[in-house]
Enquirer: 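Please read through the structure below; I'll follow up with questions.
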Amino acid sequence: MTTIQKDPKSRADQRGASVWTARLKPAPILIATVALFLLSWAIAPGSVSRSSIDSLLPFAAILAIAAIGQTLVVMLKGIDLSVPGMMTLAALVSTQFAAKNSDNVPLALAVVAIIAVVVGLVNGLVIAVFAVTPLVATLAMNALLLGAALAYSGGTPTRAPESVSSFALDKTLGISNTVWLSIILVVVVALATKRTVWGRRLVAVGANEASAKVAGIRVISLKVSGYVAAALCYSGAGVLLAGYISTPNTNVGNQYLLPAIAAVVVGGTALNGGRGKILGTALGALFLSQLTQLVLSLGAPSSTQLLIQAAVIAVAVGLQSLNTPGLRALVPLRLRNQRT
């Protein structure tokens, strides 16, 4: 029997072609988002009108900013439940501190950034040094932040400074400034996670912490930096939300915890750590925002949003599990080698 030897060059060409095919293949979340907008146009045209899109995009952008921070934590094989507390405290501090200091917005933003860095440091150190489960550590931090927000504000909302509200509400080139900020953040974080040493080490630690230690990566400092970056994202989202709604209350961040996690999962980032999909997360935020708007436009009660978000997370996690090596190993070998 004669054997046909393949040219190594042809095999290399085939591998190269397959790589380019994989890169050009549309992401599932992109297809799902386009399909959702088409469905919305068919059954509820009002949900995709110009005015509806104008009101949708800023909130989707704020969700995307918070979800990007969550993505960084998930890439480290963690989860951050301090999103509501950090967003609420940032919103209240940015408004009340500025009001008490002659509307000194730069100083208020600096204070918010310092608080976010401290929160990220505490979260990262407790998790990385003391080996506390991220779920427990960040849940406790969330309770602490909400308590601090209530104590600081006294439960009384304060109007956001005029400059902050104007920036959040104004448009540049016909697009909300809030949306432009989220686009810039998506590009910066995507490049940072893919093109920088910090990003590659972040992926390495999330994929296999033990191997990362052997490779000489400072795991503790890397984890801490990830949680600090995440807290800064949450605080930025909180400040923008305060500016957009003008008068934030003590519950302003509560509605962003589940959607932020859902956007990460729907966007294609696996919960078991490793490489993340920043652009996918942003698209996931847009998908969830439009899905909520569609549901409300059809007359469904607001409580239905939580049920839909939970269902979306369950479906996305289920679809991710179909691609895990453990599940693929259950497929009989003879079915995978039918061509031999």
Side-chain angles (χ1 to χ4, degrees), residues 65-90 93 112-152 189 192-193 198-238 250 253-265 269-276 281 310 313 317 320-321:
I65 293 172
I68 287 171
Q70 188 72 258
T71 303
L72 295 174
V73 173
V74 171
M75 289 172 65
L76 288 169
K77 203 178 293 186
I79 194 76
D80 196 341
L81 301 184
S82 66
V83 177
M86 188 68 254
M87 288 186 64
T88 300
L89 186 60
V93 169
V112 169
I114 292 172
I115 294 174
V117 170
V118 172
V119 169
L121 284 172
V122 173
N123 277 339
L125 289 174
V126 168
I127 293 168
V129 176
F130 299 100
V132 178
T133 304
L135 188 72
V136 176
T138 57
L139 183 61
M141 177 57 74
N142 184 64
L144 179 63
L145 292 173
L146 290 176
L150 183 60
Y152 180 77
V189 176
T193 54
W198 176 81
R200 290 192 289 269
R201 289 178 177 177
L202 189 79
V203 174
V205 171
N208 194 319
E209 185 174 327
S211 298
K213 288 181 179 179
V214 173
I217 297 176
R218 297 179 179 179
V219 173
I220 293 178
S221 61
L222 207 289
K223 280 189 172 183
V224 170
S225 68
Y227 278 91
V228 168
L232 287 171
C233 288
Y234 310 148
S235 63
T250 55
N254 290 351
Q255 59 183 331
Y256 282 88
L257 175 58
L258 188 58
I261 297 174
V264 175
V265 178
T269 299
L271 293 176
N272 57 0
R275 192 172 300 278
T281 295
I313 293 177
V317 172
Q320 285 184 5
S321 67

Enquirer: Sequence neighbours left out, what passes side-chain hydrogen bond (donor to acceptor under 3.5 Å, both in side chains) with Thr71? Give chain and number order.
Expert: Thr281
Enquirer: Determine which pairs satisfy salt bridge (Lys or Arg N to Asp or Glu O under 4.0 Å) with at least one residue from residues 223-235, sequence neighbours left out, and list them in order.
Expert: Glu209-Lys223
Enquirer: Could you tell me the separation between the CG atom of Leu146 and the OG1 atom of Thr250, rounded to the nearest 0.5 Å?
Expert: 8.5 Å
Enquirer: Once you round to the nearest 0.5 Å, how far does CD of Gln70 lie from SG of Cys233?
Expert: 10.5 Å
Enquirer: Which residues pass the side-chain hydrogen bond (donor to acceptor under 3.5 Å, both in side chains) test with Thr88, sequence neighbours left out?
Expert: none
Enquirer: Show me the pairs that pass side chain to side chain donor-acceptor pair (under 3.5 Å) and involve residues 137-146, at least two apart or across chains.
Expert: none
Enquirer: So how far is it from Ile65 CD1 to Met87 CE, rounded to the nearest 0.5 Å?
Expert: 9.0 Å
Enquirer: Kindly write out the residues that satisfy side-chain hydrogen bond (donor to acceptor under 3.5 Å, both in side chains) with Ser225, not counting sequence neighbours, or none if the list is empty.
Expert: Trp198
Enquirer: Can you find a heavy atom in the side chain of Leu222 that is under 4.5 Å from one in the side chain of Leu76?
Expert: yes
Enquirer: State which residues pass side chain to side chain contact (heavy atoms under 4.5 Å, CB included) with Leu257; sequence neighbours excluded, sorted by chain then number.
Expert: Leu81, Val83, Pro84, Ile261
Enquirer: After noting the C-alpha distance and the side-chain angles of Met141 and Leu144, does the key distance pass the side-chain contact (heavy atoms from CB on, under 4.5 Å) rule?
Expert: CA-CA 5 Å; Met141 177 57 74; Leu144 179 63; 4.2 Å; yes
Enquirer: What are the two closest non-hydrogen atoms of Val93 and Tyr152, and how far apart are they?
Expert: CA-CE2, 4.0 Å
Enquirer: Over all heavy atoms of both residues, which pair between Gly69 and Ala230 is shortest? Give the atoms and the distance, please.
Expert: O-CB, 3.3 Å
Enquirer: For a side-chain contact (heavy atoms from CB on, under 4.5 Å) check, start with the C-alpha distance between Ile115 and Ser235, then their side-chain angles and the critical distance, and finish with the verdict.
Expert: CA-CA 9 Å; Ile115 294 174; Ser235 63; over 6 Å; no
Enquirer: Please set out all donor-acceptor pairs under 3.5 angstrom arising from side-chain atoms of residues 211-219, sequence neighbours excluded.
Expert:
residue	atom	partner	partner atom	Å
Ser211	OG	Asn208	OD1	3.3
Ser211	OG	Asn208	ND2	3.3

Enquirer: Can you list, pair by pair, the side-chain donor-acceptor contacts under 3.5 Å of residues 116-137, counting residues two or more places apart and other chains?
Expert:
none

Enquirer: Among residues at least two apart in sequence or on other chains, which ones pass side-chain hydrogen bond (donor to acceptor under 3.5 Å, both in side chains) with Tyr234?
Expert: Asp80
Enquirer: Can you tell me which residue among Ile68, Leu72, Val203 is in a side chain to side chain contact (heavy atoms under 4.5 Å, CB included) with Thr193?
Expert: Leu72
